[in-house]
Amino acid sequence: MDVGSTNSQSALPRTRRRRRIPVIAALAAAGVFGGGAVVMAGEEGGAEACAATHVLRVAVAPELASVVDDAAAGVFPVEEESGDTCVHVDVVAADPADVARAITAQPPDRPDVWIPDASLWLDRLQEAGVALPSERPSVATSPAVLAISRDRAEASGWPEHQLSVTELLGDASTRLALRDPMTDAATATNLVGLMTAATELPEGRTVLAQVLRHAAQTPMTSREDVLAATTGTGAAAVSEQAVLANDRRTGSSPLVAVYPPSGGSLDYPFTVLTHNAADARSADRLLHALQGDDVKDALLSLGFRDGRGVGRPDTAGELGVDVTVPPAPVSSAQLAETLRITRVITSGTRMLAVIDVSGSMAQEVPGADGATRMEVTKEAAARGMSLYPDDAEIGLWVFSRQLTPDSDHQELVPIGPLGAREGGWLGRELLGRSLAGVQAVPDGATGLYDTVLAAVRTVRQNWDPTRVNSVVLLTDGRDEDEGGIGLPGLLSALQQESDPGTPVPVITIGLGSGSDTDALAAISQATGGSTYVAETGDDIYAVFEDAIGRRSCRPNC
């Protein structure tokens, strides 16, 4: 079929297009496209030739709008034959986050065709209950990259030596420029590669946490802001096409793309949202035009790759990109998990650490060179505390059986900042000294359930809406308090006192085979937390770091 000819689709209405007129009125009235360009082709005039008119509304990521507009102009030329119904194809450059908000608004408002920059928007809409077509072909791709200045790249040996993301993270001077990953697909996709690169560094989780927290303190609101932050030691989360577009722009500072491992690509899915049969046929003609060789050449000339991830082979290396780097696929589940971890790392923290000091904690841990459960736990806790900035609020309890006349637990450090506290002490110092002095209680039993309930109630008392409020509990045993609340009583109390507006997830860590994993799992499930089991010394270190990274499990476990 000749998609460039109106004669090949005689059953379709006649079409005409107009330039720079208000379109998608409801969306515009809602402010979705306020200030955005209305990008259309064709000439004015001809309205008198149409007995009726109809608008096919097409919303597209701004960087792709000119190509889509030109394709629409080719497949829907102006018709002048009197008596026909004309189709106005309005191509609107619109930020994907704005379109997603309009689609999920009440009442919803949606274009007939949407080409966002990434499928992640469609995944989020489906999670929100929006029905979408299963066929969403990619019309272009562009790998997620970190952009750095040409000067910095050359100082590191480029182009002979290609910097890696691991090298950038390992350089303490690197300053990462990010937009909000919930509103920018390039940032969200880049985060997957950053997480992967961090695993190649000693203390990589700590390094990445510091880099992300610094980035969160200086948020970027536009793509222009992000690119401008590449001066000096800055690294901007953008797409390969954004680097090429920048380097081809007269007067811009040249950039070089650094390719993350497992970073994935923006995939520009062509999504038909209309249920109108005639509009669907018009959308199909537009899709075929976008898949044609002429449009493909136009996409490649603008720095995009095609839908299979293949770039223009003659793209010069001096432009700062390497189109031979294959894009690594990223699943929606992997992306969602990365975003959750990032949100946890960059959110404020208010956490109560609760450590078992019963007698069995004096037993040796397999594979820990003779270290006891207590010693390994203290070391893991100290490492975990180092992941947090000074404004994180953390407290410390220990528990066994009747540690005080009135309870099975004892407060060593109240919840407060890791930085300066009243009296001139640093929270880190208070916690460090208290951890160092913690010892297993000889023949001490385990008062687990009463301690859990007291800890949750304590954290909820001064619940902070700006922070993740949680309890992290480590134990190697099972409840041994015959006069205590018991597991059914604890779960009932947790359920009755639960408030979705003030969640306090309990993250439980069972140390060794003697821990009551079923009870710990039930406690975590009742509070929206997670549960772990650690057998060896290495397990304990890894599990503790992962557990504190999952402390905000609700509502997106």
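Atom set for the values below is all heavy atoms of this structure, side chains included, hydrogens, waters and symmetry mates excluded.
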- Message: Any side-chain to backbone donor/acceptor pair from Asp112 onto Arg57? Under 3.5 Å, distance only.
- Response: yes

- So, for Ser164 and Val258, which heavy atoms are closest and what is the spacing to 0.1 Å? C-CG1, 3.7 Å

- Message: Would you say that Val92 contacts Val58 through its side chain, given a criterion of any heavy-atom pair below 4.5 Å between the two side chains?
- Response: no

- Item | Verdict with reasoning, His161 to Glu154, per side-chain hydrogen bond (donor to acceptor under 3.5 Å, both in side chains) | CA-CA 9 Å; His161 171 68; Glu154 290 176 343; over 6 Å; no

- Message: With a 4.5 Å cut-off on side-chain heavy atoms, are Ile103 and Asp109 touching?
- Response: no

- Looking only at heavy atoms, the pair that brings Ser239 and Leu266 closest together is CB-CD1, 3.9 Å

- Answer whether the closest heavy-atom distance between the side chains of Ile507 and Ser524 falls below 4.5 Å. no

- Query: Cut-off 3.5 Å, side chains only: do Asp267 and Thr141 have a donor facing an acceptor?
  - Reply: no

- Message: Applying side chain to side chain contact (heavy atoms under 4.5 Å, CB included) to Asp247 and Arg150, what does each step give before you reach the verdict?
- Response: CA-CA 10 Å; Asp247 289 359; Arg150 180 78 59 86; 4.0 Å; yes

- Message: Please check: side-chain N/O of Asn190 versus main-chain N/O of Val238, any donor-acceptor pairing under 3.5 Å?
- Response: yes

- Residues Asp322 and Thr324: side-chain donor-acceptor under 3.5 angstrom: yes

- Item | Derivation of the salt bridge (Lys or Arg N to Asp or Glu O under 4.0 Å) call for Lys296 and Asp306 | CA-CA 7 Å; Lys296 178 180 176 180; Asp306 66 18; 3.5 Å; yes

- Message: Could you measure the distance from the CG atom of Leu64 to the CG atom of Leu302? Nearest 0.5 Å is fine.
- Response: 8.5 Å

- Query: Taking the six-membered ring of Trp425, is the NZ or CZ of Arg421 close enough (under 6.0 Å from the centre) and on axis enough (within 45°)?
  - Reply: no

- Is it the case that Glu63 and Tyr268 place a side-chain donor and acceptor less than 3.5 Å from each other? yes

- Query: Any donor and acceptor pair, going by atom type alone, linking the side chain of Asn469 with main-chain N or O of Arg467 inside 3.5 Å?
  - Reply: yes

- Message: For Val68 and Ile115: C-alpha separation, side-chain torsions, deciding distance, then whether side chain to side chain contact (heavy atoms under 4.5 Å, CB included) applies.
- Response: CA-CA 9 Å; Val68 175; Ile115 312 176; 3.9 Å; yes

- Query: Between Asp98 and Arg101, is there a side-chain N and carboxylate O pair less than 4.0 Å apart?
  - Reply: yes

Going by atom type alone, with no hydrogens or angles, which donor-acceptor pairs under 3.5 Å involve a side-chain atom of residues 192-202 and a protein atom two or more places apart or on another chain?
from: Thr196; atom 1: OG1; to: Val192; atom 2: O; distance (Å): 3.1
from: Thr199; atom 1: OG1; to: Thr196; atom 2: O; distance (Å): 2.5
from: Glu200; atom 1: OE1; to: Thr166; atom 2: OG1; distance (Å): 2.8

- Task: Determine whether Ser332 and Ser119 make a side-chain contact, defined as any pair of heavy atoms from C-beta on separated by less than 4.5 Å.
- Result: no

- Query: Should Leu125 and Trp114 count as side-chain neighbours, where that means a heavy-atom distance under 4.5 Å?
  - Reply: yes

- Distance-only, no hydrogens or angles: does the Arg179 side chain make a donor-acceptor pair with backbone N or O of Thr221 under 3.5 Å? yes

- Message: For Val113 and Leu273: C-alpha separation, side-chain torsions, deciding distance, then whether side chain to side chain contact (heavy atoms under 4.5 Å, CB included) applies.
- Response: CA-CA 6 Å; Val113 175; Leu273 301 179; over 6 Å; no

- Query: Is any side-chain heavy atom of Pro417 less than 4.5 Å from a side-chain heavy atom of Asp391?
  - Reply: no

- Is there a donor-acceptor contact under 3.5 Å from the side chain of Ser470 to the main chain of Pro505? no

- Task: Apply side chain to side chain contact (heavy atoms under 4.5 Å, CB included) to Trp121 and Val99, showing your working.
- Result: CA-CA 9 Å; Trp121 302 109; Val99 180; over 6 Å; no

- Item | Any donor-acceptor N/O pair, Lys378 side chain to Ala436 backbone, under 3.5 Å | yes

- Is there a side-chain contact between Leu56 and Asp90 (heavy atoms, below 4.5 Å)? no

- Given side-chain hydrogen bond (donor to acceptor under 3.5 Å, both in side chains), test Ser222 with Asp225 step by step and report yes or no. CA-CA 5 Å; Ser222 70; Asp225 290 341; 3.2 Å; yes

- Closest heavy-atom contact between Gln241 and Ser142? N-OG, 2.8 Å

- Quick one: pull up OG1 in Thr233 and CG in Asp171 and give me the separation to the nearest 0.5 Å. 7.0 Å

- Query: Of all residues at least two apart in sequence or in a different chain, which pass the salt bridge (Lys or Arg N to Asp or Glu O under 4.0 Å) check with Arg249?
  - Reply: none

- Heavy atoms of Leu426 and Ala420 approach each other most closely as CD2-N, 3.7 Å

- Item | Arg428/Asp390 ion pair, N-O < 4.0 Å | yes

- Could you state the interatomic distance from CG (Leu435) to CG (Leu430), rounded to the nearest 0.5 Å? 11.0 Å

- Looking only at atom types and distance, does a side-chain atom of Arg124 sit under 3.5 Å from a main-chain N or O of Met182, one as donor and one as acceptor? yes

- Supply the atom-to-atom distance Leu208 CG to Leu212 CG, rounded to the nearest 0.5 angstrom. 4.0 Å

- Message: Return the OG1 to CZ distance between Thr466 and Arg350, rounded to the nearest 0.5 Å.
- Response: 10.0 Å

- How many angstroms lie between atom CD of Gln291 and atom OG of Ser138, to the nearest 0.5 angstrom? 9.5 Å

- Write down the atom of Ala71, the atom of Leu290, and the distance for their closest heavy-atom approach. CB-CD2, 3.6 Å

- Query: Which pair of heavy atoms, one from Ser265 and one from Pro143, lies closest together, and at what distance?
  - Reply: OG-CA, 3.2 Å

- Message: Closer than 3.5 angstrom, by distance alone: can the side chain of Ser156 be matched with the main-chain N or O of Arg152 as a donor-acceptor pair?
- Response: yes

- Does the Thr104 side chain pair with the main chain of Ala100, one donor and one acceptor, at a distance under 3.5 Å? yes

- Task: Mind running side-chain hydrogen bond (donor to acceptor under 3.5 Å, both in side chains) on Glu240 and Tyr259 for me, showing each step along the way?
- Result: CA-CA 9 Å; Glu240 180 184 75; Tyr259 292 80; 2.6 Å; yes

- Message: In the structure I gave you, are the side-chain heavy atoms of Thr338 and Thr342 within less than 4.5 Å of one another anywhere?
- Response: yes

- Message: For Val321, run the side-chain contact (heavy atoms from CB on, under 4.5 Å) check against Leu255, Val145, Val243 and tell me which one passes.
- Response: Val243

- Message: Tell me whether Thr349 contacts the main-chain N or O of Glu393 through its side chain, where contact means a donor paired with an acceptor under 3.5 Å.
- Response: no

